[in-house]
Amino acid sequence: QVQLVEAGGGLVQAGGSLRLSCAASGRTFSRYAMGWFRQAPGKEGGFVAAISRSGGYTPYIDSVEGRFTISLDNAKNTVYLQMNSLNPEDTAVYYCAAGRPSLSWTTMRSYDYWGQGTQVTVSS
């Protein structure tokens with residue numbers, strides 16, 4: 001069993017940065033890959049980034065590659081999403097997720113556990 005709690009969202013100006021965190025609890029945390037998804041009414045959303053259990057595989061959606069970085073701190077049982085060069089199109093609720101995406105790393109159905117979400121708003 002895994003429980004996830006996100007933090008770090010807020011309001012920033014275009015071009016600014018935020019770092020989201022997702023604290024995980026549970027003795028089986030090390031068995032799961034981690035991912036970040038986002039949702040916003042009337043805007044494109046879905047998969048953002050993911051990281052394998054070893055940290056060696058980190059896929060990103062094209063629109064954030066080069067701007068966002070996902071990382072994992074095993075000692076703190078926490079995953080991060082460093083977001084740089086933010087633009088208004090990044091405005092959304094961001095969710096972290098844990099799962100075992102053996103077939104697809106980019107679909108919500110591949111993940112079993114979800115956090116409550118944290119709001120990110122980027123002003124123009």
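All heavy atoms count here, side chains included; hydrogens, waters and symmetry mates do not.
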Give a yes or no answer on whether the side chain of [X] reaches the backbone of [Y] with a donor-acceptor pair at less than 3.5 Å.
X      : Y      : value
Ser52  : Tyr57  : yes
Tyr113 : Cys96  : no
Thr91  : Val122 : yes
Thr118 : Gly9   : yes
Ser21  : Tyr80  : no
Thr78  : Lys76  : yes
Glu6   : Gln116 : yes

What closest approach, in Å, do [X] and [Y] show between heavy atoms, and which atom pair accounts for it?
X      : Y     : answer
Ser124 : Ala14 : CA-CB, 4.4 Å
Ala98  : Met34 : CB-SD, 3.5 Å
Leu4   : Cys22 : CB-SG, 3.8 Å

- Query: Considering the options Tyr95, Tyr60, Trp36, which one meets the side chain to side chain contact (heavy atoms under 4.5 Å, CB included) requirement together with Val48?
  - Reply: Trp36

- Parallel under 30°, tilted from 30 to 60°, perpendicular over 60°: which one fits the rings of Phe37 and Tyr111? perpendicular

- Message: Arg19 vs Leu81, test: side chain to side chain contact (heavy atoms under 4.5 Å, CB included). Steps then yes/no.
- Response: CA-CA 6 Å; Arg19 188 180 72 161; Leu81 186 67; over 6 Å; no

With rounding to the nearest 0.5 angstrom, report the [atom1] to [atom2] distance, [X] to [Y].
X      : Y      : atom1 : atom2 : value
Ile70  : Gln82  : CD1   : CD    : 12.0 Å
Leu103 : Arg109 : CG    : CZ    : 13.0 Å
Met108 : Asp112 : CE    : CG    : 12.0 Å
Arg67  : Asn87  : CZ    : CG    : 5.0 Å

- Task: Please examine the side chains of Thr121 and Val12, heavy atoms only from C-beta on, and report whether any two atoms are closer than 4.5 Å.
- Result: no

- Task: Check the pair Glu89 / Ser63 against side chain to side chain contact (heavy atoms under 4.5 Å, CB included), numbers first and verdict last.
- Result: CA-CA 10 Å; Glu89 287 69 41; Ser63 61; over 6 Å; no

- Phe47/Trp105 under ring-ring contact (aromatic ring centres under 6.0 Å, His included): CA gap, chis, key distance, verdict: CA-CA 8 Å; Phe47 174 78; Trp105 290 77; 8.7 Å; no

- Query: Could you go step by step and tell me if Asp90 and Arg38 meet the salt bridge (Lys or Arg N to Asp or Glu O under 4.0 Å) rule?
  - Reply: CA-CA 9 Å; Asp90 296 315; Arg38 63 187 181 185; 3.0 Å; yes

- ILVMFWY cluster, Tyr32 and Val79 together (side-chain gap under 4.5 Å): yes

- Query: Could you walk me through whether Tyr94 and Gln39 pass the side chain to side chain contact (heavy atoms under 4.5 Å, CB included) check?
  - Reply: CA-CA 7 Å; Tyr94 285 71; Gln39 295 187 126; over 6 Å; no

- Message: Quiz question: by atom type and distance under 3.5 Å, do the side chains of Asn84 and Ser17 form a donor-acceptor pair?
- Response: yes

- Message: Counting only heavy atoms from other residues, nucleotides and ligands, does the tally under 6.0 Å from CD of Gln119 exceed 12?
- Response: yes

